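Have a look at the structure below before the remarks.
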Amino acid sequence: MTQSPRDERDYFERIYTVVEQVPWGKVATYGDIATLVGDGCDARVVGHALGALGARSATVPWQRIINRTGGISLTGHGQRERLEEEGVAFDDRGNARMDAHHWSGPSEEWARANGFQTLPRTAEKPASAQLRLF
DNA sequence: CAACTGACTATAC
DNA sequence: GGTATAGCCAGTT
């Protein structure tokens with residue numbers, strides 16, 4: 001792979017690349033994406049990048065990126081509907097169930113191969129051994 | 001080049 | 001848990 005944009009400081013492209021890694025039916029927060037991109041990237045930059053998607057909005061799963069509280073920051077674009085279509089459950093407050101659909105981040109292998117970082121921790125914990133819905 | 005804006009987040013009350 | 005304020009960074013004017 002000679003197409004490693006690690007030297008490139010194009011935050012937007014890197015952000016898009018990370019967002020594309022979010023699997024179907026999963027969601028990630030702006031902060032998570034920023035952490036994965038690293039290099040001083042910030043949650044707000046992620047929001048700007050997604051806002052500047054333009055035609056790429058068809059190829060980048062921007063709808064899977066939500067805020068820290070699991071709520072939809074952008075209204076009027078049917079983001080919640082799209083997520084529900086993917087099987088993402090929401091609470092009465094309109095917050096997505098982060099505990100059930102929060103993306104745990106890309107594989108360490110992929111992240112290292114592409115010059116990205118992995119989430120420090122705090123994503124989710126197997127503990128509690130709570131019961132499985134099914 | 002300085003100031004404002006924005007699909008954010010952490011802390012404080 | 002909600003509102004209010006500060007901090008944060010890149011892009012735009």
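Computed over heavy atoms, backbone and side chain alike; hydrogens, waters and symmetry mates excluded. From a predicted model like this one, the values you see are computed outputs, not experimental measurements. Each chain gets a letter, A, B and so on, in the order the sequences are listed, and its residues count up from 1.
Rounded to whole Å, atom P of B:dA7 lies 17 Å from atom CZ of A:Arg82. Rounded to a whole Å, the CG atom of A:Asp91 is 10 Å from the P atom of C:dG1. In this entry the distance linking OH of A:Tyr30 with C1' of B:dG6 reads 11 Å, nearest Å. Regarding A:Asp92, its CG atom lies at a distance of 12 Å from the P atom of C:dG2, rounded to whole Å. Rounded to whole Å, atom C1' of C:dG11 lies 18 Å from atom CZ of A:Arg14.
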Between protein and nucleotides 8-10 of chain C, what N or O pairs are separated by less than 3.5 Å?
from	atom 1	to	atom 2	distance (Å)
C:dA10	OP1	A:Tyr11	OH	3.4

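Of the residues listed (A:Ile15, A:Val22, A:Val18), the one engaging A:Ile65 in a side chain to side chain contact (heavy atoms under 4.5 Å, CB included) is A:Val22, and it is the only one.
Under the side chain to side chain donor-acceptor pair (under 3.5 Å) criterion, A:Thr75 pairs with no residue, sequence neighbours left out. Partners of A:Asp42 by side chain to side chain donor-acceptor pair (under 3.5 Å), not counting sequence neighbours: none found. Applying the salt bridge (charged side-chain N to carboxylate O under 4.0 Å, His left out) criterion to A:Glu84, with sequence neighbours excluded, gives A:Arg80. Contacts of A:Glu86 classified as salt bridge (charged side-chain N to carboxylate O under 4.0 Å, His left out), with partners at least two apart in sequence or in another chain: A:Arg64. Partners of A:His101 under the side chain to side chain contact (heavy atoms under 4.5 Å, CB included) rule, at least two apart in sequence or in another chain, are A:Val27, A:Val88, A:Ala89, A:Arg97.
When heavy atoms are screened at a 4.0 angstrom cut-off, A:Gly31 is found touching the sugar-phosphate backbone but no base atom.
Applying the side chain to side chain donor-acceptor pair (under 3.5 Å) rule to pairs touching residues 26-35 of chain A yields A:Thr29-A:Asp32, A:Asp32-A:His102, sequence neighbours excluded.
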Identify every side-chain donor-acceptor pair in residues 53-60 of chain A under 3.5 Å, counting partners at least two apart or on other chains, and give the distances.
from	atom 1	to	atom 2	distance (Å)
A:Ser57	OG	A:Gly54	O	2.8
A:Thr59	OG1	A:Arg56	O	3.1

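Residues from residues 71-80 of chain A that place a heavy atom under 4.0 Å from any atom of DNA chain B, listed by number: A:Ser73, A:Leu74.
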